[in-house]
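Quick notes on the structure that follows.
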Amino acid sequence: MNAPVLFDAVLFDLDGTLVATERFWVAAATRGAQRAFAELGLAREIPTADEWLFMVGLPLERAFELVFGDLPPEQRSVVMSRCVEEEQAAVRAGGAALMPGALETLTELRANGLRLGIESNCSQRYLDSMLKRLKLADYVDAARCLESPGICTKADMLADLLRVFATRSAVMVGDRATDAQAAHANALPHVHLASGLAPSGERVDCEARIPSLAHLPELLRGRARWIEGALD
C-alpha cells in the first residue's frame, strides 16, 4: 500500500510549473515585439528565446524593465501591450498546454484529500484563462495573482491561501527563485521543479528537487515514511 500524504495542501506556481509556457510565449512575444518595433519605428534586436523565457515567472512590468531597460517607459509599455495581445491570441487559439504529468499529479493529490492552490505573478485575466482553458479549475480550490485583492507579492498570495485553507501544513512547488523566496517567507518547504524555466545559473533554494511533476506524490509520501522510521 502507498504511504499517506501527510500534508493538508499543495500550493503550485503556474507558468513553468503547471503550464508549459514555453510552448506559446516565445513565439507570441516575438510577434508582439515585431509589431511594437514597427509601430514605434524602432531598429532593435528581438530578444532571444532565453531572454523571453527569463521573463516567465516575474511580475510582467519588472520582466519587461529588465529585458527592455534600454527603452523609455512609454515605448516599453507599448512593447509589453503588444506581446500580451499576441499571448492572449495564442492562448485563445489553443496554444497553451499543461506540463507533462500535471493532470495526473493533480488528480492523485486530490484523491488523497489534499487541497490545491495556485499563485502566480500574472494578471487576473491570464489566470482565469488558464483555469478555464486547461481545466485547472476542476482541480484547484483557490488561486491568487498580482491583481487579487490585498495582494502585492507572491509571498502575500501564499499567506492568503494558507489563511483560506486554514492550515500551515502545506508545501510550495515552483521552478524559479521567486517561488522559493515566497515559500520561505511563509516558513513553507519549497519543492523545486527542475524541468521548469529557471535560467541557467539561477540559484533556487529548496528542501527537495524533482525532475518532473510525476515524482511529486511519491516525494510527499516520504514524510509518512520518515515519521514511521522515527517511531520505529
Side-chain angles (χ1 to χ4, degrees), residues 1-23 53 56-57 96-120 127 130-131 134-144 154-155 157-159 161-162 164-200 202-232:
M1 293 181 62
N2 283 331
V5 178
L6 298 182
F7 291 96
D8 293 335
V10 180
L11 312 177
F12 291 92
D13 169 53
L14 187 61
D15 289 302
T17 300
L18 291 177
V19 177
T21 317
E22 72 279 5
R23 297 192 183 186
L53 293 177
V56 177
L98 291 173
M99 290 286 280
L103 184 59
E104 296 80 2
T105 297
L106 295 175
T107 300
E108 184 171 351
L109 294 178
R110 289 281 290 184
N112 278 270
L114 277 76
R115 303 193 72 183
L116 306 179
I118 286 177
E119 67 287 330
S120 174
L127 177 59
M130 292 301 167
L131 290 173
L134 298 182
K135 303 189 183 303
L136 288 170
D138 296 343
Y139 302 91
V140 173
D141 297 285
R144 298 291 183 270
K154 184 165 277 192
M157 300 176 209
L158 265 67
L161 289 172
L162 292 173
V164 169
F165 292 165
T167 186
R168 296 291 311 170
S169 177
V171 173
M172 166 70 187
V173 182
D175 66 320
R176 296 292 305 268
T178 50
D179 300 317
Q181 292 159 6
H184 294 156
N186 285 278
L188 294 184
H190 176 243
V191 177
H192 173 58
L193 179 64
S195 57
L197 297 178
S200 176
E202 180 173 279
R203 175 176 174 176
V204 182
D205 294 326
C206 62
E207 283 60 57
R209 190 180 307 271
I210 53 176
S212 70
L213 287 173
H215 292 79
L216 181 62
E218 186 62 20
L219 172 71
L220 298 180
R221 291 191 183 96
R223 189 179 194 188
R225 298 190 180 98
W226 299 332
I227 293 174
E228 289 172 357
L231 292 174
D232 289 343

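We use all heavy atoms of the structure for the numbers below, so side chains are in, but hydrogens, waters and symmetry mates are not. Numbers here simply count residues along the sequence, with the first being 1. In this text the structure is predicted, and so the values were computed from the model without any measurement.
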Going by the rule side-chain contact (heavy atoms from CB on, under 4.5 Å), which residues pair with Pro100 if we only count those two or more places apart in sequence or in a different chain? none

For Ser212, give me all partners under side chain to side chain donor-acceptor pair (under 3.5 Å), at least two apart in sequence or on another chain. His215

Return the set of residues passing side-chain contact (heavy atoms from CB on, under 4.5 Å) with Leu103 (not counting sequence neighbours), or none when no residue passes. Leu98, Thr107, Tyr139

Please name all residues satisfying salt bridge (Lys or Arg N to Asp or Glu O under 4.0 Å) with Glu108, sequence neighbours left out, ordered by chain then number. Arg221

Hey, could you give me the CG/CG distance between Leu11 and Leu116, rounded to the nearest 0.5 Å? 8.5 Å

I'd like to check the side chain to side chain donor-acceptor pair (under 3.5 Å) partners of Asp8; sequence neighbours left out, ordered by chain and number. Thr167

Who are the salt bridge (Lys or Arg N to Asp or Glu O under 4.0 Å) partners of Asp141, not counting sequence neighbours? Arg110

Of all residues at least two apart in sequence or in a different chain, which pass the side-chain contact (heavy atoms from CB on, under 4.5 Å) check with Ala224? Ala3, Pro4, Leu6

Any pair with a residue in residues 179-188 that passes salt bridge (Lys or Arg N to Asp or Glu O under 4.0 Å), sequence neighbours left out, goes on the list, sorted by first then second residue, please. Lys154-Asp179

Restricting to salt bridge (Lys or Arg N to Asp or Glu O under 4.0 Å), what partner residues turn up for Asp15, sequence neighbours left out? none

By side-chain contact (heavy atoms from CB on, under 4.5 Å), which residues pair with Ala142, not counting sequence neighbours? Arg144, Leu161, Phe165

With Glu104, which residues qualify under side chain to side chain donor-acceptor pair (under 3.5 Å), at least two apart? none

Sorted by chain and number, sequence neighbours left out, side chain to side chain donor-acceptor pair (under 3.5 Å) with Gln181 holds for none

